[in-house]
Amino acid sequence: MNSHGWSLSSMLLLLLLAGCATTTNNNTQVPTRYTLQDLTPADAERLLVRGRTQQHQVQQWFGQPSGLSKSGEHTYWNYTYSYHQESNGRSGLVILTVVFDKNLLVVDYDLQSNRYQQNN
């Protein structure tokens, strides 16, 4: 026992419990592939974390970009998806631009999603 009346085993148990309480639960399943048609702003925000998400992860999720460009130390990957479904009258255009720095980390992104429903 120490001067506060705690035994060593009590202190260890308390430290163990505190360690468990402060860990984050990262059990969120991230699909290995995304389609732009189904990508929501919330998905993009969760996946494309500035300064953390790496270029190879973006390629794993969305495949090869449909276009890329460079400006200074930044690389821009562009993804474009358009669709038209005759059966339900839905059509749309989704454009995702992801900007990477020289360390191949996401600096910024822009998601534009225009979805249309034809009314008969």
Side-chain angles (χ1 to χ4, degrees):
M1 293 242 195
N2 65 15
S3 61
H4 297 289
W6 291 84
S7 70
L8 182 57
S9 60
S10 296
M11 287 176 31
L12 286 174
L13 179 61
L14 184 62
L15 284 173
L16 245 162
L17 290 174
C20 291
T22 58
T23 59
T24 58
N25 183 356
N26 288 333
N27 288 338
T28 306
Q29 292 289 334
V30 176
T32 56
R33 211 69 181 141
Y34 273 90
T35 61
L36 287 183
Q37 179 181 351
D38 299 325
L39 188 67
T40 66
D43 289 333
E45 186 176 334
R46 183 173 45 86
L47 291 171
L48 303 170
V49 180
R50 292 166 181 90
R52 185 177 297 162
T53 303
Q54 300 174 5
Q55 193 176 63
H56 73 89
Q57 292 173 294
V58 174
Q59 185 174 5
Q60 176 185 345
W61 295 327
F62 302 109
Q64 284 293 105
S66 52
L68 47 101
S69 60
K70 238 177 140 47
S71 178
E73 293 185 348
H74 292 115
T75 303
Y76 296 77
W77 280 15
N78 299 298
Y79 294 90
T80 304
Y81 177 76
S82 62
Y83 61 95
H84 179 72
Q85 301 167 339
E86 288 284 334
S87 60
N88 57 17
R90 292 183 181 166
S91 59
L93 174 65
V94 181
I95 301 170
L96 173 64
T97 302
V98 184
V99 184
F100 299 97
D101 64 13
K102 65 181 179 180
N103 298 316
L104 307 180
L105 295 174
V106 171
V107 174
D108 203 2
Y109 70 89
D110 180 54
L111 175 64
Q112 298 178 28
S113 180
N114 299 295
R115 294 181 169 100
Y116 307 99
Q117 175 73 45
Q118 182 179 3
N119 296 328
N120 291 333

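Positions are given from 1, in the same order as the sequence printed here.
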Ring center gap for Y83 and Y81 short of 6.0 angstrom:
yes

Which heavy atom of Q37 sits nearest a heavy atom of V94, and at what distance?
CA-CG2, 4.5 Å

How far apart are the closest heavy atoms of D108 and R50, and which atoms are they?
OD1-NH2, 2.8 Å

Is it true that, when you exclude E86 itself, more than 12 heavy atoms of the residues, nucleotides or ligands shown sit nearer than 6.0 Å to its CD?
no

Rounded at 0.5 Å granularity, tell me how far CD in Q112 sits from CG in L93.
8.0 Å

Measuring from Q55:CD to D101:CG, what's the distance to the nearest 0.5 Å?
9.5 Å

Within this structure, what is the CG-CG distance for the pair L48 and L39, rounded to the nearest 0.5 Å?
7.5 Å

Distance-minimising heavy-atom pair for S91 and H84:
CB-ND1, 3.4 Å

Closest non-hydrogen atoms of L105 and R52, given as atom of the first, atom of the second and distance, are CD2-O, 3.8 Å

Residues forming a side chain to side chain contact (heavy atoms under 4.5 Å, CB included) with N114, sequence neighbours excluded:
Y116

All heavy atoms of H74 vs all of V99, minimum pair found to be CB-CG1, 3.9 Å

Point-to-point distance, once rounded to the nearest 0.5 Å, from CG of L68 to CZ of F100:
10.0 Å

With the 4.5 Å side-chain cut-off for hydrophobic clustering, are L111 and V58 part of the same group?
yes

Non-hydrogen atoms of Q59 and R33 that approach each other most closely:
O-NH1, 3.9 Å

Hey, what do you get for CZ (R90) to CD (Q118), rounding to the nearest 0.5 Å?
12.5 Å

Under the rule for ring-ring contact (aromatic ring centres under 6.0 Å, His included), what residues qualify as partners of Y109, not counting sequence neighbours?
none

Working to the nearest 0.5 Å, report the span between CD1 of I95 and CG of D110.
8.5 Å

Sequence-distant partners of Y76, ring-ring contact (aromatic ring centres under 6.0 Å, His included), two or more places apart:
none

Tell me whether the rings of W61 and Y34 are parallel (<30°), tilted (30 to 60°) or perpendicular (>60°).
perpendicular

For atom CD of E45, is the number of surrounding heavy atoms from other residues, nucleotides or ligands below 6.0 Å larger than 12?
no

Under 3.5 Å side-chain donor-acceptor pair for N78 and S66
no

